[in-house]
Amino acid sequence: MASKVTRPVHPGELLREEYLAPPGMSAGALAKKLNLPRTRIERIAKEEIGLTPDTALRLARFFNTTPEFWMNFQQAYELETEARKLAPELEKIEPMEAAA
């Protein structure tokens, strides 16, 4: 069975599809509730920028999650994206052998 290659999921996609779409909330309405610039939430939802700790804290408070949930999602996205970019270079690095 061939493994299916999936793309990393940006936290903005999660925010848009799982938190904004179900209740029909706009990015602007969420930004107002979080006391943030409308453009910040819009750009996150459009996957143009990532989450900052400030935004993660506000999202966690509003959606009754944790800031770690949001930051872990951001970090996983960044690591996967960078690993894909660096794959050829990383393959050239010989791992250090474990001491006996």
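As the structure is a prediction and not an experimental result, all values here were calculated from the model.
Applying the side-chain hydrogen bond (donor to acceptor under 3.5 Å, both in side chains) rule to Glu80 yields the partners Arg84; only residues at least two apart in sequence or on another chain are considered. With sequence neighbours excluded, no residue forms a salt bridge (Lys or Arg N to Asp or Glu O under 4.0 Å) with Glu91. Remark: Pro53 engages Met71 in a side chain to side chain contact (heavy atoms under 4.5 Å, CB included) (not counting sequence neighbours). A search for side chain to side chain contact (heavy atoms under 4.5 Å, CB included) contacts involving Ala83 returns nothing, not counting sequence neighbours. For Glu68, there are no salt bridge (Lys or Arg N to Asp or Glu O under 4.0 Å) partners at least two apart in sequence or on another chain. Listed by chain and residue number, Glu48, Ile49 satisfy the side chain to side chain contact (heavy atoms under 4.5 Å, CB included) test with Arg43 (two or more places apart in sequence, or in another chain). Residues forming a ring-ring contact (aromatic ring centres under 6.0 Å, His included) with Phe73 (at least two apart in sequence, or on another chain): none. A search for salt bridge (Lys or Arg N to Asp or Glu O under 4.0 Å) contacts involving Glu78 returns nothing, not counting sequence neighbours. Every side chain to side chain contact (heavy atoms under 4.5 Å, CB included) that Glu42 has, sequence neighbours left out, goes to Ala27, Arg38, Thr39.
The minimum heavy-atom distance between Ala31 and Pro37, with the atom names listed, is CB-O, 3.8 Å. Taking both residues in full, the closest heavy atoms of Thr55 and Arg40 are given as OG1-NH1, 2.9 Å, listed atom of the first, atom of the second, then distance.
Grouping Ile, Leu, Val, Met, Phe, Trp and Tyr residues whose side-chain heavy atoms lie under 4.5 Å apart, directly or via other members, places Ile93 in a hydrophobic cluster with Leu86, Leu90. Grouped by direct or indirect side-chain proximity (heavy atoms under 4.5 Å, Ile/Leu/Val/Met/Phe/Trp/Tyr only), Leu79 sits alone.
At least one donor-acceptor pair under 3.5 Å links the side chain of Thr81 to the backbone N or O of Tyr77.
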Tell me which donor-acceptor pairs under 3.5 Å the side chains of residues 14-21 have, and how far apart each pair is, sequence neighbours excluded?
residue : atom : partner : partner atom : Å
Arg16   : NH1  : Ala45   : O            : 2.4
Arg16   : NH1  : Glu47   : OE2          : 3.1
Arg16   : NH2  : Glu47   : OE2          : 3.1

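You'll find the side chain of Phe63 stays beyond 4.5 Å of the side chain of Phe69, heavy atoms only.
A continuous path of ILVMFWY side-chain contacts below 4.5 Å connects Ile44 to Leu34, so both sit in one hydrophobic cluster.
A distance of 12.5 Å separates CG of Leu30 from NZ of Lys32, quoted to the nearest 0.5 Å. Separating the CG atom in Leu59 from the CD1 atom in Ile41 is a distance of 5.5 Å, to the nearest 0.5 Å. Atoms CG and CZ, on Leu36 and Arg58 in that order, are 4.5 Å from each other to the nearest 0.5 Å.
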Inset, instruction - Check the pair Lys33 / Arg61 against side chain to side chain contact (heavy atoms under 4.5 Å, CB included), numbers first and verdict last. - result: CA-CA 11 Å; Lys33 292 177 182 297; Arg61 174 73 176 173; over 6 Å; no
